[in-house]
There are 2 protein chains.
Amino acid sequence: MSQHVLIVEDEESLAQVLGEYLTQSGFISHIIIDGSQVVEWVKQNPVDLLILDLMLPGKNGLDIYRELRTFTDIPVVMATARIDEIDRLIGLELGADDYICKPYSPREVVVRVKNILRRSTDEMKMVDKILSINESTMQVLVKGKEVSLTRAEFRLLSHFHQHKEQVFSREQLMTQIYSDNRVVTDRTIDSHIKNLRRKIQNVDAEVDCIQSIYGVGYKFAL
Amino acid sequence: MSQHVLIVEDEESLAQVLGEYLTQSGFISHIIIDGSQVVEWVKQNPVDLLILDLMLPGKNGLDIYRELRTFTDIPVVMATARIDEIDRLIGLELGADDYICKPYSPREVVVRVKNILRRSTDEMKMVDKILSINESTMQVLVKGKEVSLTRAEFRLLSHFHQHKEQVFSREQLMTQIYSDNRVVTDRTIDSHIKNLRRKIQNVDAEVDCIQSIYGVGYKFAL
DNA sequence: CAATGACTTAATGGTTTTATGAAAATTCAC
DNA sequence: GTGAATTTTCATAAAACCATTAAGTCATTG
């Protein structure tokens with residue numbers, strides 16, 4: 001579950017401190033001092049983000065960066081002590097990347113790492129920022145506010161959320177909601193839909209994500 | 001409600017500007033120019049965070065820092081103009097602390113102050129000051145007061161605490177609690193939950209950390 | 001625009017699930 | 001083995017949920 005951050009930095013004490021900060025924040029960190037090992041490590045191990053010191057003994061940081069980019073898209077935060085490096089970096093295609101100027105504070109780096117990883121992963125679920133669903137906690141957030149749903153409501157919404165835009169008949173929804181093969185009236189679904197809509201719009205009346213398709217069923221869309 | 005930030009800085013104009021930024025952001029700031037007064041002030045006045053210039057006339061900043069640490073844990077942001085100071089600082093036990101390199105931008109300092117105070121108030125105080133669990137001593141503190149739990153209760157709470165927010169069925173909880181594969185009624189879990197809640201709320205009736213998810217199970221949340 | 005079928009909604013009764021207190025069974029220490 | 005503590009079960013009350021109904025509203029069609 002935790003995300004892996006690889007620190008490439010020759011000043012070991014600095015890297016150590018940074019690593020501790022990252023661990024404190026729930027990341028798993030690994031430190032590499034020798035630049036020549038970076039590419040190999042990234043190929044062999046899980047790495048979600050890389051903090052790359054550009055001034056390394058042995059191998060040039062930018063070369064490492066370019067080599068990484070030939071086979072992976074993981075975000076890279078580049079660190080440099082020389083101000084004038086920054087200008088060159090800014091010219092780069094800084095996709096999911098970032099850079100920091102040394103000396104940096106560990107706290108600042110952690111903040112950046114969090115931001116980048118949140119952006120890139122945290123997550124497709126937050127895609128719309130309007131509705132997020134967490135299966136394991138059974139938590140539903142509408143515009144950031146928690147909405148408490150019953151089991152049937154949660155299953156319904158969850159199924160809708162996983163199949164955006166798709167239209168479902170009431171029969172289909174029933175079989176999705178109930179594990180047993182119980183048979184209920186069509187109106188039952190209507191009823192749950194009604195309650196769902198009410199609870200969601202209770203948070204924000206603007207949100208109208210469950211649409212009725214006349215004569216067919218319902219669909220979810222934001 | 002507002003939090004107090006103490007600025008220790010001999011360049012008065014700089015301190016002034018920073019103070020205004022902080023005020024703007026909702027903090028209450030106070031400036032001390034003479035290093036020899038800092039310890040006394042902190043002892044006598046409310047201070048939630050301290051910005052400490054290390055290059056002070058009269059008294060050395062690091063000495064002040066060490067003296068403060070003998071009686072308080074308030075976070076300290078250390079400011080210094082000399083790069084090489086940074087290295088020494090990194091060696092320090094940077095608990096809730098941070099450092100910045102002069103010349104700094106007031107805006108940046110405000111951001112850091114906010115971050116530090118958010119962390120030390122929200123996170124620490126909310127999450128762990130309410131409930132802390134020590135696996136090795138089997139000690140449980142609720143709002144600082146010890147609660148004596150039976151083994152089953154402790155295992156339950158401990159498992160919950162390690163998996164905050166996650167919903168567990170009674171079956172899952174049973175297998176978590178029992179090493180052997182004994183089979184017990186669902187109601188057994190209810191019973192333990194009941195006792196747990198009672199013991200916890202015996203300390204503070206406000207604390208309601210075990211929630212029932214109807215038709216599913218229980219989850220822990222603060 | 002009237003008729004018809006489809007959707008919405010609130011209320012209700014019944015069902016399932018949970019809370020709780022107390023009793024029975026088990027475990028543990030002595 | 002005895003007694004106290006703990007665990008489990010049980011019975012009942014309370015709460016939450018769900019399916020249905022029925023009445024009202026809306027969309028479609030001729």
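Below, chain A is the first sequence line, B the second, and so on; all start at residue 1.
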Please report, rounded to the nearest Å, how far the [atom2] atom of [N] is from the [atom1] atom of [X].
| X | N | atom1 | atom2 | result |
| --- | --- | --- | --- | --- |
| B:Phe154 | D:dT7 | CZ | P | 13 Å |
| A:Arg151 | C:dT15 | CZ | C1' | 12 Å |
| B:Arg170 | D:dT7 | CZ | P | 18 Å |
| A:Arg155 | D:dA19 | CZ | P | 11 Å |
| A:Leu156 | D:dC18 | CG | C1' | 12 Å |

* Asked: Could you walk me through whether A:Gln172 and A:Gln176 pass the side chain to side chain donor-acceptor pair (under 3.5 Å) check?
  -> CA-CA 6 Å; A:Gln172 287 176 308; A:Gln176 279 299 331; over 6 Å; no
* Quick check: are there more than 12 heavy atoms from other residues, nucleotides or ligands sitting under 6.0 Å from CG of A:Asn181? ->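 No - once you tally the heavy atoms of other residues, nucleotides and ligands closer than 6.0 Å, there are 12 at most.
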* Count the heavy atoms belonging to other residues, nucleotides or ligands that lie under 6.0 Å from CD of A:Gln166, then report whether that count exceeds 12. =>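 Counting neighbours around CD of A:Gln166, more than 12 heavy atoms of other residues, nucleotides or ligands fall under 6.0 Å, so yes.
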Can you check nucleotides 14-16 of chain D for protein contacts, nitrogen or oxygen pairs under 3.5 Å, and list what you find?
from: D:dA16; atom 1: N3; to: B:Tyr214; atom 2: OH; distance (Å): 3.2

* Asked: Within the pair B:Tyr218 and C:dA19, is there a side-chain N or O less than 4.0 Å away from OP1 or OP2?
  ->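 The answer is yes; a side-chain N or O of B:Tyr218 sits under 4.0 Å from OP1 or OP2.
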* When you measure from the side chain of A:Asp34 to the backbone N and O of A:Gln37, does any donor-acceptor pair fall under 3.5 Å? ->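 Flag not set: sc A:Asp34 to bb A:Gln37 has no pair under 3.5 Å.
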* Asked: Backbone N or O of B:Val207 within a donor-acceptor pair of the B:Gln201 side chain at under 3.5 Å?
  ->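 A pair under 3.5 Å: yes.
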* Asked: Mind checking whether A:Phe220 and A:His159 have ring centres under 6.0 Å apart?
  ->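 Between A:His159 and A:Phe220, which both carry aromatic rings, the centre distance is not below 6.0 Å.
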* Asked: At under 4.0 Å between heavy atoms, what does A:Ile213 touch on the DNA or RNA strands: base, sugar-phosphate, or nothing?
  ->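 Sugar-phosphate only.
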* Please assess A:Arg170 against A:Asp186 for the test salt bridge (charged side-chain N to carboxylate O under 4.0 Å, His left out), listing each intermediate value before the final yes or no. => CA-CA 6 Å; A:Arg170 289 172 175 72; A:Asp186 277 6; 5.1 Å; no
* Taking only residues at least two apart or on different chains, which pairs with a member in residues 146-163 of chain B satisfy salt bridge (Lys or Arg N to Asp or Glu O under 4.0 Å)? ->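 Listed by first then second residue: B:Glu153-B:Lys199.
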* To do: Strictly below 4.0 Å, heavy-atom distances to any atom of DNA chain D: list the hits from residues 177-199 of chain A, or just say none.
  =>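 Result for residues 177-199 of chain A: A:Tyr178, A:Arg182, A:Val184, A:Thr185, A:Arg187, A:Thr188, A:Ser191, A:His192, sorted by number.
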